[in-house]
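Below is one structure, written out as structure tokens, with a few remarks after it.
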Amino acid sequence: MNFILSLRKGQKLLSNKKLLLVLFLSALILSSCSDKKSADEQAKQNADYENPEFVIQQAKKILGSNVKFAYKGKFDRDSVIEVAAGIEIQNEKDWGIKFILMKMENGRLTQVFQTPVLNGSFRECLVQKIKFPMFGYELIYYNSQDYFLGSGGGEVYSYVVNYTEDKTYYAHLIAEPNKPVSLYLSDNIDVPEIKSFFISNFKRDFPSFKVVSKDVVLKY
């Protein structure tokens, strides 16, 4: 009788072990399938964001139809998908442009940073990603070009946006009748290469300007 009970206990233990093994293998297979599905979804998402048209469509879903540019890039030290975008604002209270950074969080693009409203327009401007050797990530460069210039003078707004350090470097060229062309550089430009970049860019079109210590607000 004891032998039969021991045999039955042994069979039960063996059966339990088999059940545990089946459950373990099932969990392992489900986990493997889940990981593969997650990897496939990530690969598809990365491929989608390599398409510039897709990037701007996604930016407009979050920020609205006034998005004027949207670029995928590496704008800080994170490895997730990041999109830098710009919107133009024109209403009774505010007029100007904003630069925005969005990151992929939990599978969705989410806004994580924006500048204040800055002087400028995205019409007829130059805006692009830019890389400086001293930074391990990309920045955004903006230049209003000839949009605010006319036969009687005008101005040019230029920015370099450093999302990682929450800094917007600013250069403002002013051309007034019967006055020398002047260039104002913001006080927060703490990288010599950024200062040289602004100066060399403006010198191509305005070789005789002088750098001034105080910004000028033109009255139109």
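In this chain, numbering begins with 1 at the start of the sequence shown. For the numbers below, each heavy atom of this structure counts, side chains included, while hydrogens, waters and symmetry mates do not.
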(request) For atom NZ of K195, decide whether the heavy atoms of other residues, nucleotides or ligands shown that lie under 6.0 angstrom number more than 12. (result) no
(message) Test your reading of the model: is there a side-chain donor-acceptor pair from E88 to the backbone of F122, 3.5 Å cut-off?
(response) yes
(message) Heavy-atom count check: over 12 atoms from other residues, nucleotides or ligands less than 6.0 Å from K61 NZ?
(response) no
(message) For residues Y184 and F202: do they belong to one hydrophobic cluster (side chain heavy atoms under 4.5 Å, members Ile, Leu, Val, Met, Phe, Trp, Tyr)?
(response) no
(message) Rounded at 0.5 Å granularity, tell me how far CZ in F206 sits from OG in S182.
(response) 11.0 Å
(message) Between Y142 and F99, is the side-chain contact (heavy atoms from CB on, under 4.5 Å) condition met? List the steps.
(response) CA-CA 10 Å; Y142 165 88; F99 297 91; 3.7 Å; yes
(message) To the nearest 0.5 Å, what is the distance between CD1 on I199 and CZ on R204?
(response) 13.0 Å
(message) If you compare all heavy atoms of Q145 against all heavy atoms of N143, which two are closest, and at what distance to 0.1 Å?
(response) N-OD1, 2.7 Å
(message) For a quick test of reading the model, state the closest non-hydrogen atom pair linking L109 to Q58 and the distance between them.
(response) CD2-CB, 4.3 Å
(request) Kindly give the heavy-atom pair with the smallest separation between K129 and G73, and that separation in Å. (result) NZ-CA, 4.2 Å
(message) Are Q114 and L101 packed together at the side-chain level, in the sense that at least one heavy-atom pair is separated by less than 4.5 angstrom?
(response) no
(message) Quick check for you: to the nearest 0.5 Å, what is the distance between I189 atom CD1 and S196 atom OG?
(response) 10.0 Å
(message) Counting only heavy atoms not in N91 (residues, nucleotides, ligands), do more than 12 fall under 6.0 Å from its CG?
(response) yes
(request) Could you grab the distance from atom CG of L118 to atom CG of D94, nearest 0.5 Å is fine? (result) 11.0 Å
(request) Go through I130 and E138 one step at a time and tell me if the side-chain contact (heavy atoms from CB on, under 4.5 Å) criterion holds. (result) CA-CA 6 Å; I130 189 169; E138 295 170 300; over 6 Å; no
(request) Mind checking the OG-NZ spacing from S65 to K68? Nearest 0.5 Å is all I need. (result) 7.5 Å
(message) As an exercise, state the distance from CD1 of I89 to NZ of K98, rounded to the nearest 0.5 Å.
(response) 4.5 Å
(request) Using the rule that two of Ile, Leu, Val, Met, Phe, Trp, Tyr join whenever any of their side-chain heavy atoms come within less than 4.5 Å, decide whether V217 and Y157 are in one cluster. (result) no
(request) Specify the closest pair of heavy atoms between L63 and N66, including all atoms of both residues, with the distance to one decimal. (result) O-OD1, 3.4 Å
(request) Could you pull out the closest heavy-atom pair between M104 and G107, with the gap in Å? (result) SD-C, 3.3 Å
(request) Using the rule that two of Ile, Leu, Val, Met, Phe, Trp, Tyr join whenever any of their side-chain heavy atoms come within less than 4.5 Å, decide whether I87 and L126 are in one cluster. (result) no
(request) Using a 4.5 Å cut-off on heavy atoms from C-beta on, say whether the side chain of Y71 contacts that of V83. (result) no
(request) Can you spot which of I56, D48, N51, V55 makes a side chain to side chain contact (heavy atoms under 4.5 Å, CB included) with K72? (result) V55
(request) Check for a donor-acceptor pair, side chain of S144 on one end and backbone N or O of C125 on the other, with a separation under 3.5 Å. (result) no
(request) Answer yes if F148 and V156 sit in the same cluster of Ile, Leu, Val, Met, Phe, Trp and Tyr residues linked by side chain heavy atoms under 4.5 Å apart, and no otherwise. (result) no
Could you give the side-chain donor-acceptor pairs of residues 162-176 under 3.5 Å, partners two or more places apart or in another chain?
{"unit_1": "N162", "atom_1": "OD1", "unit_2": "Y137", "atom_2": "OH", "d": "3.3"}
{"unit_1": "N162", "atom_1": "OD1", "unit_2": "T164", "atom_2": "N", "d": "3.2"}
{"unit_1": "N162", "atom_1": "OD1", "unit_2": "E165", "atom_2": "N", "d": "3.2"}
{"unit_1": "N162", "atom_1": "ND2", "unit_2": "Y137", "atom_2": "OH", "d": "3.4"}
{"unit_1": "Y163", "atom_1": "OH", "unit_2": "I100", "atom_2": "O", "d": "3.3"}
{"unit_1": "T164", "atom_1": "OG1", "unit_2": "F75", "atom_2": "O", "d": "2.9"}
{"unit_1": "K167", "atom_1": "NZ", "unit_2": "D190", "atom_2": "OD2", "d": "2.4"}
{"unit_1": "Y169", "atom_1": "OH", "unit_2": "D190", "atom_2": "OD1", "d": "3.4"}
{"unit_1": "Y170", "atom_1": "OH", "unit_2": "H172", "atom_2": "ND1", "d": "3.1"}
{"unit_1": "Y170", "atom_1": "OH", "unit_2": "D215", "atom_2": "OD2", "d": "3.0"}
{"unit_1": "H172", "atom_1": "ND1", "unit_2": "D215", "atom_2": "OD1", "d": "2.7"}
{"unit_1": "H172", "atom_1": "NE2", "unit_2": "E155", "atom_2": "OE1", "d": "2.6"}

(request) Please indicate whether D146 has more than 12 foreign heavy atoms, meaning atoms of other residues, nucleotides or ligands, lying under 6.0 Å from its CG. (result) no
(request) Apply side-chain contact (heavy atoms from CB on, under 4.5 Å) to the pair V191 and M134, showing each step before the final yes or no. (result) CA-CA 9 Å; V191 179; M134 73 289 303; 4.1 Å; yes
(message) Could you check whether Y141 and Y159 have their ring centres less than 6.0 Å apart?
(response) no
(message) Using 30° and 60° as the class boundaries, would you call the ring planes of F135 and F132 parallel, tilted or perpendicular?
(response) perpendicular
(request) Tell me, with the steps shown, if S158 and F198 meet side-chain contact (heavy atoms from CB on, under 4.5 Å). (result) CA-CA 8 Å; S158 188; F198 279 131; 3.3 Å; yes
(request) Please report the shortest heavy-atom distance between A59 and V67, naming the atom on each side. (result) O-CG2, 3.9 Å
(message) Hydrophobic clusters here meaning ILVMFWY residues chained together by side-chain heavy-atom distances under 4.5 Å, can you tell me if M102 and I81 are in one?
(response) yes
(message) Donor-acceptor check, side chain of K203 to backbone of D205, threshold 3.5 angstrom: yes or no?
(response) no
(message) Using side-chain heavy atoms (C-beta onward) and a distance below 4.5 Å, is L185 in contact with L183?
(response) yes
(message) Closer than 3.5 angstrom, by distance alone: can the side chain of E124 be matched with the main-chain N or O of Y147 as a donor-acceptor pair?
(response) no
